[in-house]
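Contents: one structure, followed by commentary.
Values in this document were obtained by computation on a predicted structure and should not be read as measured data. Residue numbers begin at 1 in each chain, while the letters A, B, ... track the order of the sequences.
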2 protein chains.
Amino acid sequence: MTDQNLRDMLQTRGLKATFQRITILDYLMTHETHPTADMIHLDLKEISLATIYNTLEKLVDVGLVIVIDTQKDDKRHYDYYGEPHYHIINNNTNEIIDADNFDVAPLFEAARQASGLNITGFHIEIYGVDPDEAK
Amino acid sequence: MTDQNLRDMLQTRGLKATFQRITILDYLMTHETHPTADMIHLDLKEISLATIYNTLEKLVDVGLVIVIDTQKDDKRHYDYYGEPHYHIINNNTNEIIDADNFDVAPLFEAARQASGLNITGFHIEIYGVDPDEAK
DNA sequence: TAACTAAATTAGAATAATTCTAAAAGAGGA
DNA sequence: TCCTCTTTTAGAATTATTCTAATTTAGTTA
Ligand SMILES: [Mn+2]
Ligand SMILES: [Mn+2]
Ligand SMILES: [Zn+2]
Ligand SMILES: [Zn+2]
């Protein structure tokens, strides 16, 4: 992903292409770690923590990023969401795994029928445990 | 739901049947509001806020209750989860609607295939907007 | 290219949801 | 009834996140 690609992603969504936004978006696109604001700040020390938070809020607003609240800590985790997908959370390791091998269309249709709303998005977390853990 | 039913629900899950736990569990079972700890405390003033939090944590631990982190406020919402279901969130009103007209078995199977884990549960939130809102 | 301006960044202070502490009370079993 | 571990509680502490207001900058215009 070139710098110009990142600028375009921001500008087509109405966001100014600042160094901080380009850097944070690139960070999220190239890390599978579902980091917290503080984890990003540790890696990108040249960007203030306030800007990390401000930028993440903007990226969430335009739909490029989502927030995942795991139950295991009380911090928000951020996730590049250019490709919608769901999450599998390993309750042994607290690892968050990305997956997209499921068609959400039937679920959207069920939700539309249940609520009458126009469905705009989803957050799905599936919890599991290692099959070989002693129970 | 009788007092004895509630006591049994707690005791079969290894929790002592205290007045506070019975009262809070009953509260969650009889309210559709997906309240925060503070909202519960406003209605149950005779129970300390610390106990509201302690009790909710226990009820979550044993699976009777889940936490829903909406993105709209930074408070945790609690939900009786004796009957697993999914949530539809109206982004116009921030209302949380319960629904269960969807079979999660195929999604569980997809998650098992993607991760190799034994799937133990799910949290699903579907977001939507009123169809008649001016866009 | 230079000037302009609304938007973005920043350090540090403030907020508030949640957790912690340690002393008192209670549940359930013996 | 007694015992003991668990639970409850008020209030203090923590800390993730938000706010403030001064400075800088991106993108536009001339
Ligand atoms: Mn939250
Ligand atoms: Mn907090
Ligand atoms: Zn992800
Ligand atoms: Zn619910």
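Side chains of A:Tyr86 and A:Asn101: a donor on one and an acceptor on the other come within 3.5 Å. In summary, the side chains of A:Asp43 and A:His31 do not present any donor paired with an acceptor at a separation below 3.5 Å, with no hydrogens or angles considered. A:His77 and A:Asp69 form no side-chain donor-acceptor contact under 3.5 Å, judged by distance and modelled atom types alone. A donor-acceptor pair shorter than 3.5 Å cannot be found between the side chains of B:Asp26 and B:Tyr80.
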#### Entry: Pair A:Thr51-A:Asn54, side-chain hydrogen bond (donor to acceptor under 3.5 Å, both in side chains): steps then yes or no
CA-CA 5 Å; A:Thr51 296; A:Asn54 291 340; 4.9 Å; no
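Within the structure, every side-chain polar atom (N or O) of B:Lys58 is placed at least 4.0 Å from both OP1 and OP2 of D:dT6. Contact between the side-chain N/O atoms of B:Gln20 and the OP1/OP2 oxygens of D:dT9 is found at a separation under 4.0 Å. Between A:Arg7 and D:dG27 there is a side-chain polar atom (N or O) within less than 4.0 angstrom of OP1 or OP2. Within the 4.0 Å cut-off from OP1 or OP2 of C:dG28, at least one side-chain nitrogen or oxygen of B:Gln11 is found. Between A:Arg21 and the phosphate of D:dA26, there is no side-chain N or O to OP1/OP2 separation shorter than 4.0 Å. Phosphate proximity of D:dT8 to B:Thr18: present, with a side-chain N or O under 4.0 Å from OP1 or OP2. Put simply, B:Arg76 has a side-chain N or O that comes within less than 4.0 Å of OP1 or OP2 on C:dT19. OP1 or OP2 of C:dT18 has at least one side-chain nitrogen or oxygen of B:Tyr53 nearer than 4.0 Å.
Taking atom CG of B:Leu56 as the reference point, atom P of C:dT19 lies 10 Å away to the nearest angstrom. The separation between B:Ile52 atom CD1 and D:dA10 atom C1' is 14 Å, rounded to whole Å. Rounded to an integer number of Å, the gap from A:Arg13 CZ to C:dA8 P is 16 Å. Atom CG in A:Asp69 sits roughly 12 Å away from atom C1' in D:dT17 (whole-Å rounding). The distance from atom CG of A:Leu49 to atom P of C:dA11 is 10 Å, rounded to the nearest whole Å. The CG atom of B:Asp74 sits 6 Å away from the P atom of C:dA17 (whole-angstrom rounding). The nearest whole Å value for the distance from the NE2 atom in A:His77 to the C1' atom in D:dT17 is 14 Å. Distance, A:His41 NE2 to D:dT17 P: 14 Å, rounded to whole Å.
Heavy atoms of A:Lys16 sit under 4.0 angstrom from at least one base atom. Among the heavy atoms of the strands lying under 4.0 Å from B:Thr51 is at least one base atom, whether or not backbone atoms are also near. Among the atoms of the strands shown, none is found under 4.0 Å from any heavy atom of B:Glu57. Nucleic acid contact for A:Asn54: base, since at least one base atom lies under 4.0 Å from a heavy atom of the residue.
Toward the 5' end of DNA chain C, the nearer of the two residues B:Phe19 and A:Glu46, judged by each one's closest nucleotide, is A:Glu46.
Nearest nucleotide to the B:Ala50 side chain, out of D:dC19, C:dA17, D:dT9: D:dT9.
Between B:Asn94 and B:Asp73, every side-chain heavy-atom pair lies at or beyond the 4.5 Å cut-off.
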